[in-house]
Amino acid sequence: MEFSYLQPGRPAIFKDKFVTKVNECLASYTDGARGEVGLIGLPFSKTSISMSQASDAPKYIRACLSTFSTFSGERDKDYKNFKVLDFGDVQVHPTDMEESIERLRISVGEMLAKKASDRYILLGGDHGVSYPSIRAFGEHYGEIGVIQWDAHHDVRNLEDGGRTNGTPFRSLIEGGHLKGENLVQIGIRDYANAKVYHDYTKEKGITVFTMDDVENTGIVPIIKKELDRLSKSVDFIYLSVDMDVVDQAFAPGCPAIGPGGITSRELLTGISAAASHPKVKAMDIVEIDPSKDFRDITSRLAAAAMLRFMFNH
Ligand SMILES: N=CN[C@@H](CCC(=O)O)C(=O)O
């Protein structure tokens, strides 16, 4: 006998026939498919220096896409036909860390080799995933520029415990995969870093904007100026968004939360400004641990950041 209203495990979901939710724009990648954006999950956080379940973030962030509609009133435009090709999540090794990092690099490279899209979003994981990801983009596209939103420099030494979420940009620079002058760090916070790493950024020619710089100049003018500079010397610009750049009030789900960070508005307007540049073609979002979050605030902000990147080109 068929049940009328008993549907085990299926909650009743309200459907307004005039509303499309952003998660409906996602389609699993199939051979030969093309989409406006390629999406991949990099669920790796075992080498985080804090206890972190950031490896769970890709599924939370994807789920939060269902909390947004595809319509922008600001632009009077509906993005309901926008196509996001979802490549799924990389299977990392359960215990071998270097093997996992290699699997991330290979998988991002294999996604790019499909040429299924011109623009990509990568969902971490902790910030350690940006090392293999940016390497893969460099191998595919040539000279690369990076704008990093972060409270921390992430150029820690490698002797104290190998590659971690505190070392991705040192690994990229020391490995010759990224030139210091092609790296811009925005939102660096006081009392969150060590002098030796502050000095390292100067020695390597990294451009650093502290929270005081953001407050005094404004995030959009900083981004526009740096995009203008970078685009003269690089082929491709990658945004690396560590959510701990955002103040703990707006991003409570990061392992390294802190006060005095940027607001959620500054994050979103900054990403909009960056994403409208033709050379900005990839963005990673990292350092969300859903087990530390509150009502998915941080994952929801990450999903909103995805919308800004996708629909603002
Ligand atoms: N990517 C983050 N890096 C920070 C915080 C790390 C943590 O607490 O997990 C750092 O190295 O200090």
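Whatever order the structure lists them in is the order used to number ligands and atoms, beginning at 1.
Ring geometry, Tyr141 versus Phe137: the interplanar angle falls under 30°, so the pair is classed parallel (tilted spans 30 to 60°).
Note on Lys204 versus Glu181: no salt bridge recorded, every NZ/NE/NH1/NH2 to OD/OE distance being 4.0 Å or above.
What sits closest to atom 11 (O) of ligand 1 on the protein, heavy atoms only, is Arg156 NE, 2.7 Å. Scanning the protein for heavy atoms near atom 7 (C) of ligand 1, the closest one is Ser50 OG, 3.1 Å.
Annotation for ligand 1: atoms under 4.0 Å from non-hydrogen atoms of Ala256 are 5 (C), 8 (O). Counting the atoms of ligand 1 from 1 in the order shown, those under 4.0 Å from a heavy atom of Gly166 are 11 (O). When each atom of ligand 1 is checked for a heavy atom of Asp242 under 4.0 Å away, the hits are 1 (N), 2 (C).
Within a 6.0 Å radius of NZ in Lys195, other residues, nucleotides and ligands contribute 12 heavy atoms or fewer. The neighbour count for Glu215 CD, taken as heavy atoms of other residues, nucleotides or ligands under 6.0 Å away, does not exceed 12.
Of the candidates Glu174, Glu98, Glu102, Arg163 forms a salt bridge (charged side-chain N to carboxylate O under 4.0 Å, His left out) with just one, namely Glu98.
Ligand 1 has a nitrogen or oxygen under 3.5 angstrom from a nitrogen or oxygen of Asn165. Inclusion of Asp244 in the set of residues having an N or O under 3.5 Å from an N or O of ligand 1 is not warranted.
At a threshold of 4.5 Å between non-hydrogen side-chain atoms, the residues Val22 and Thr70 count as touching.
Residue nearest to atom 3 (N) of ligand 1, selected from Asp126, Asp154, Ile257, Asn193: Asp154 (by heavy-atom distance).
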